[in-house]
*Asks:* 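Next up is a structure, given as structure tokens.
Proteins get letters first, then strands, A, B, ... in listed order; numbering begins at 1 in each. All values reported here derive from a predicted model rather than from experimental measurement.
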Amino acid sequence: MTINWTEIETKWRNKWQENKDFETNPNDKPKKFITVAYPYPNSPQHIGHGRTYTLADVHARFYRMKGYNVLFPMGFHYTGTPVLGMAKRIKDEEKEILEGLRNIYHVPEDAIKTFVDPIKIADYFHEEIKSGMIEMGYSIDWRREFTTIVPGYQKFIEWQITTLREKGRIIQGSHPVGWCPECKNPVSQHDTLGDVEPKIDDKNFLIKFKLDDFVFPITTLRPETIFGITNLWVNPNTVYKKVTVDDETWIVSEECAKKIEFFEKKVAVIGEIPGSDVIGKNVKNHDGRDIPILPADFVEPGMGTGLVMSVPAHAPKDYQALMDLKAKNHELASKLEPIPIIVTEGYGSIPAKDIVEKMGISDQSDTKLEDATKELYLKEFTDGKLNDKCGQFNGEKVQFGRDKIRSWLQDNSNLEKFPVLEESVRCRCGCDCVVKVLNNQWFLNYGDEEWKKLARQCLDEMNILPSNIKTEFIEVIDWLHERACARQQGLGTKLPWDNDWIVESLSDSVIYMAYYTISRFVNDGTVTPENLTKEFFDYVLIDKGDVTLVASTSNLDENTIDMIKKEFSYFYPVDSRHSGRDLVQNHLSFFVLNHVAIFDKKLWPQEIVVNGSVMMDGAKMSKSMGNIIPLRKAIQDHGADPIRLAIISSAELLQDADFNMESVSGIQSKLESLLEECSRLRNESVGELEPEDKWILSKTQSKIAQITEAVEKMRLREALHDILFTFETDLNWYQKRTQAKSRDDISGILHQVNSTRVAMLSPFAPHIAEEMWEKLENSDLVSKTQWPEYSKEQVDATAIQAEELLKSTIEDIANILKVTKISPQKIVIYVNSDEFKSKVYHKILSIMVGGQNNMGVVMKELIADPETTDAKKMPDFVQKTIKDLHSESEEIKKMKLESSGFNEKEFLANELASIGKKEFGVDITVYSESDSEIYDPKGKARHARPFKPAILIE
RNA sequence: GCGGGAGUCGCCCAGCCUGGUCAAAGGCGUAGGGCUUAGGACCCUAUCUCUUAGGAGUUCGUGGGUUCAAAUCCCACCUCCCGCACCA
């Protein structure tokens with residue numbers, strides 16, 4: 001049967017929509033509030049995006065069937081900068097992006113024309129993504145939809161950020177960013193030529209030396225070397241600038257003067273001074289020592305401040321420059337000697353000298369100096385120790401002492417940050433980027449210990465799936481520090497108290513789930529954005545103030561306000577938050593932090609579910625690889641349900657899923673044959689149950705238990721696998737058994753089993769499950785039936801172990817045939833009938849179910865019991881029995897223990913003949929070991945053990 | 001550097017949390033058979049080594065340890081992947 005997926009899926013989607021099945025209002029039932037990170041609409045969604053939503057939808061559908069009132073809403077995150085960049089590039093008619101839109105995303109030309117407006121881009125992909133979600137059958141309550149730039153949402157964000165500020169969670173400070181001096185804007189990866197990320201080295205510092213009223217600042221990565229400084233180097237051929245910086249006057253190169261303009265300082269160039277003019281003068285060190293200024297050609301004005309400090313004992317370049325001057329009998333230089341401050345194994349007292357001599361360097365123009373510098377720096381960093389010249393830092397390892405010296409200098413205001421770009425970056429406009437220090441930046445103070453403590457407490461009490469990612473969350477919380485929560489461009493909400501700033505896009509998406517309980521009323525006109533005052537949110541969300549006051553400030557009547565408050569209280573807290581693994585470090589952690597900052601403990605989130613990403617045929621999906629499959633295209637080609645199942649079955653939760661089309665077609669044919677089977681089965685009445693009937697019904701029960709547990713823990717791959725395939729294994733055996741007995745009365749049983757199966761399939765493949773349900777002639781919709789409930793009463797322990805005995809006996813026969821390669825004429829089975837053996841067997845069983853497996857201990861316990869004390873005469877039997885039982889599951893062992901009255905001979909005599917004839921083509925005779933008319937020419941019968949009959953094949 | 005994760009029988013990949021059900025699921029590949037005019041698709045069987053009685057041996061990155069028992073727990077090592085922020 002070939003399925004027309006589109007037809008079937010449309011049919012059922014329409015039905016759900018007509019019934020308003022997924023529109024959720026508060027009622028008497030227990031609720032589940034399940035949310036997923038809303039999408040950023042700057043491209044259509046592909047299969048990878050589909051994963052998180054699909055998993056969450058299965059979760060939602062499952063709980064709905066379990067009897068919960070499930071709220072599963074969706075919004076769209078317009079906030080941020082990427083669409084801005086896109087719009088600009090489209091305006092500039094950049095070929096690459098236009099071709100991408102046309103050829104990969106198939107956006108119509110009419111739409112592309114409007115894309116010079118960033119909001120039009122978001123609107124277009126918003127609709128595109130939403131259509132895809134509907135086509136995937138996601139059970140979303142669309143009445144609550146919003147985008148993050150609608151007035152109501154902005155009111156909510158204003159309240160959120162104000163509340164955080166009131167609670168002291170927001171602080172102000174400065175922060176370096178990559179900056180384009182031409183566009184006067186921060187640059188992110190999207191804004192640079194070649195999409196390089198502007199990386200800022202924030203560990204670069206500047207040390208100040210003083211000469212009268214002038215400051216000679218010098219940048220260095222090795223602040224510890226100030227203890228070994230002998231002189232400064234200045235390029236005699238460079239003209240330096242005199243620059244006022246706040247209340248100091250600095251001498252720096254012209255290039256440096258330009259850089260510091262972008263720092264958070266008042267900067268003005270007030271004059272210049274040739275390098276040659278300062279040579280020979282002395283500057284003051286941090287400890288007041290005189291440091292002479294000497295000339296050096298290697299000093300590059302573009303590097304740092306254009307001034308260099310000289311540490312000849314540890315810097316090969318400095319050493320060589322000093323030697324060169326000494327060779328020319330430079331007067332000042334001749335008085336200077338290197339000051340060693342670091343002791344490193346393998347080097348003498350002046351390491352720079354050693355390495356210069358070792359490498360055969362002759363003067364400062366030698367290119368080998370670069371290598372010498374690198375080698376020595378690394379060696380001293382990893383192995384070096386500071387010596388007694390370093391005062392209080394004597395004996396410290398360089399790698400630890402450096403940070404201490406840095407903060408010591410900073411405390412004494414001899415040190416300032418001098419952030420630089422790690423690699424030079426160019427803006428899309430072609431201009432070279434610089435580092436700009438943004439002053440008065442607003443930060444969320446995630447570094448605060450008190451706050452972290454609350455977050456840890458929340459994590460601790462939360463259910464995190466899969467549980468092993470919890471450690472990662474804890475690490476992230478430990479590591480987080482202040483994070484900028486505002487930026488100067490992009491779509492979003494303005495900071496209420498500082499309109500120059502827009503709330504940054506990760507910070508306006510942390511507690512918005514609360515807004516889903518309000519957006520419904522905004523969307524249907526019950527309230528307007530103007531009604532959403534601070535007092536309103538205070539009262540509804542954090543139970544602050546009273547309704548009369550709120551009514552007066554918000555212009556709403558008290559009933560409406562309390563209705564909304566009730567709705568919020570009913571649905572909050574969030575019961576499950578689904579998201580991709582890439583959001584653990586930011587969104588999900590912020591989600592936790594912001595909730596604990598704003599809400600009472602009883603409203604803290606209950607669960608986080610994290611899933612891995614999706615690979616395409618083993619490779620990462622990317623536009624440049626051209627292996628992106630838009631979700632809607634995939635639905636068109638293969639049907640939504642097969643895509644859903646392929647996504648789920650390709651990997652367990654946290655693993656990266658490898659998606660491929662073969663698995664989709666495999667699933668398609670599986671579903672096709674299941675549908676076909678469902679069309680055939682009739683709900684006929686079931687007569688007297690045969691052993692195999694009891695068995696398959698019992699097995700169905702244990703499947704229910706297994707699958708339910710797996711879904712609850714979001715091990716959906718496992719659950720789906722059980723529903724689709726493991727069930728099949730059991731059904732195959734059942735089929736074999738009933739065929740061997742030529743039965744034609746099994747349709748009712750199969751109908752029962754497959755109805756259970758289809759019900760459990762329904763959250764995974766909702767459309768086709770409805771179709772199957774209909775074909776099975778069951779009433780109502782499968783999505784509205786109860787999830788199958790495990791019932792212990794319906795498990796027949798005897799039936800299960802009987803069937804296991806049958807299987808293992810057949811397996812044994814097959815095994816013997818395989819090894820001996822004989823073609824059987826006659827098969828004889830001898831069943832144990834020795835009561836003492838049975839007694840010992842059960843005793844051993846009970847000992848082993850108690851957890852004991854040791855032969856010695858088992859034997860001791862047997863002997864201790866007067867009933868079984870003779871077991872010591874047959875250690876061989878005991879040992880073999882233990883071994884038999886070892887290879888049985890705990891479940892089976894328990895069942896065997898429960899049903900001790902099972903008659904092996906009777907069962908095998910009745911059941912083995914038919915299936916045995918079918919399998920081996922010969923008649924099988926069953927004897928009891930003690931039968932008087934036994935046929936036992938080879939004396940096999942005495943080898944029979946309980947559940948392990950002896951076998952004779954001729 | 002800091003942090004997270006992975007290494008399984010030709011390949012992909014499950015099992016590890018909760019030790020015994022593990023020579024280890026499933027898929028691919030390979031071999032044989034069925035079906036077919038043939039091929040494809042599909043179905044069945046086999047697929048670590050040895051074995052003419054249901055058995056034995058050696059395997060889960062490497063080396064140790066704990067235990068009656070280790071793919072699974074602990075320690076060390078080797079190799080590989082990923083994230084490190086103002087960006088959604």
*Asks:* Which of the following nucleotides, B:G54, B:A88, B:G4, is nearest to the side chain of A:R581?
*Replies:* B:G4
*Asks:* Say you pick atom P in B:G63 and the same atom in B:A70; how far apart are they, in whole Å?
*Replies:* 16 Å
*Asks:* What does A:T79 touch in the nucleic acid at a heavy-atom separation under 4.0 angstrom: a base, only the sugar-phosphate, or nothing?
*Replies:* sugar-phosphate
*Asks:* If you check the A:W479 side chain, which of B:C86, B:A88, B:C84 turns out closest?
*Replies:* B:C84
*Asks:* Could you check whether any side-chain N or O of A:Y53 sits under 3.5 Å from a backbone N or O of A:A37, counting only pairs where one atom can act as donor and the other as acceptor?
*Replies:* yes
*Asks:* Nearest-Å distance, OH (A:Y512) to P (B:A88)?
*Replies:* 15 Å
*Asks:* Between A:Y830 (OH) and B:A53 (C1'), how many Å, whole number?
*Replies:* 13 Å
*Asks:* Who does B:A71 pair with, Watson-Crick or G-U, both distances under 3.5 Å?
*Replies:* none
*Asks:* Would you say A:S509 places a side-chain N or O within less than 4.0 Å of OP1 or OP2 belonging to B:A88?
*Replies:* no
*Asks:* Heavy atoms from C-beta onward define the side chain here; which of B:C84, B:A88, B:A14 lies closest to that of A:R717?
*Replies:* B:A14
*Asks:* Heavy atoms under 4.0 Å, any strand shown: does A:P949 hit a base, just sugar-phosphate, or nothing?
*Replies:* base
*Asks:* When you compare B:A25 with B:U21, how far apart are their C1' atoms, in angstrom units rounded to a whole number?
*Replies:* 13 Å
*Asks:* Toward the 5' end of RNA chain B, which comes first, A:S808 or A:K713, by nearest nucleotide?
*Replies:* A:K713
*Asks:* Applying a 3.5 Å limit to both distances, which nucleotide forms a Watson-Crick or G-U wobble pair with B:C84?
*Replies:* B:G1
*Asks:* With rounding to whole Å, what would you report as the distance between B:C60 and B:U8 at their C1' atoms?
*Replies:* 4 Å
*Asks:* I want to verify a distance call: between B:G3, B:C86, B:G55, whose nearest atom is closest to the A:E475 side chain?
*Replies:* B:G3
*Asks:* I'd like to know if A:K713 and A:E709 make a salt bridge, using a cut-off of under 4.0 Å between side-chain N and carboxylate O.
*Replies:* yes
*Asks:* Could you give the distance separating B:C28 and B:U66 at their C1' atoms, to the nearest angstrom?
*Replies:* 39 Å
*Asks:* Could you check how far CG of A:L583 sits from P of B:C82, rounded to whole Å?
*Replies:* 18 Å
*Asks:* Identify the nucleotide, in any strand shown, that forms a Watson-Crick or G-U wobble pair with B:A76, with both distances under 3.5 Å; if there is none, say none.
*Replies:* B:U62
*Asks:* Using purine N1 to pyrimidine N3 plus N6-O4 or O6-N4 for Watson-Crick, or N1-O2 and O6-N3 for G-U wobble, both under 3.5 Å, which nucleotide pairs with B:U21?
*Replies:* none
*Asks:* Can we say A:D448 and A:R169 salt-bridge, meaning some charged N sits less than 4.0 Å from an Asp/Glu carboxylate O?
*Replies:* yes
*Asks:* Would you kindly give the CD1-to-C1' distance between A:I816 and B:U51, to the nearest whole Å?
*Replies:* 14 Å
*Asks:* Sticking with atom P, work out how far B:A23 lies from B:C77, rounded to a whole angstrom.
*Replies:* 32 Å
*Asks:* Would you measure the distance from the C1' atom in B:G54 across to the matching atom in B:C68 and give it in whole Å?
*Replies:* 26 Å
*Asks:* What integer number of Å spans the C1' atoms of B:G26 and B:A14?
*Replies:* 7 Å
*Asks:* If I pick the P atom on B:C48 and the same atom on B:C22, what distance separates them, to the nearest angstrom?
*Replies:* 16 Å
*Asks:* Using the six-membered ring wherever Trp is involved, compare the ring planes of A:F590 and A:Y446 and label them parallel, tilted or perpendicular (cut-offs 30° and 60°).
*Replies:* parallel
*Asks:* Over all strands shown, is A:A950 touching base, sugar-phosphate only, or nothing at heavy-atom distances under 4.0 angstrom?
*Replies:* base
*Asks:* Figure out the CD/P separation between A:Q585 and B:G3, and round it to whole Å.
*Replies:* 14 Å
*Asks:* Examine A:Y40 together with A:F76 and report whether their ring centres are nearer than 6.0 Å.
*Replies:* no
*Asks:* Contact class for A:L952 vs. all strands (heavy atom < 4.0 Å): base, sugar-phosphate, or nothing?
*Replies:* base
*Asks:* I'd like to know if A:E472 and A:R581 make a salt bridge, using a cut-off of under 4.0 Å between side-chain N and carboxylate O.
*Replies:* yes
*Asks:* How many whole angstroms separate atom CD of A:E672 from atom C1' of B:C42?
*Replies:* 13 Å
*Asks:* Please pick, from B:A88, B:G54, B:G4, the nucleotide with the shortest atom-to-atom distance to any side-chain atom of A:S505.
*Replies:* B:A88
*Asks:* With a non-hydrogen cut-off below 4.0 angstrom, is A:I469 in contact with a base, only sugar-phosphate, or nothing?
*Replies:* nothing
*Asks:* Whole angstrom is fine here: how far is it from CD1 in A:I648 over to C1' in B:G26?
*Replies:* 17 Å
*Asks:* If I take atom CG from residue A:L465 and atom NZ from residue A:K470, how far apart are they, to the nearest 0.5 angstrom?
*Replies:* 10.0 Å
*Asks:* Rounded to whole Å, please give me the gap between CG in A:N611 and P in B:C82.
*Replies:* 19 Å
*Asks:* Starting the side chain at C-beta, find the nucleotide from B:A53, B:G4, B:A88 nearest to A:K940.
*Replies:* B:A53
*Asks:* Considering Watson-Crick and G-U wobble pairs with both distances under 3.5 Å, what does B:G39 pair with?
*Replies:* none
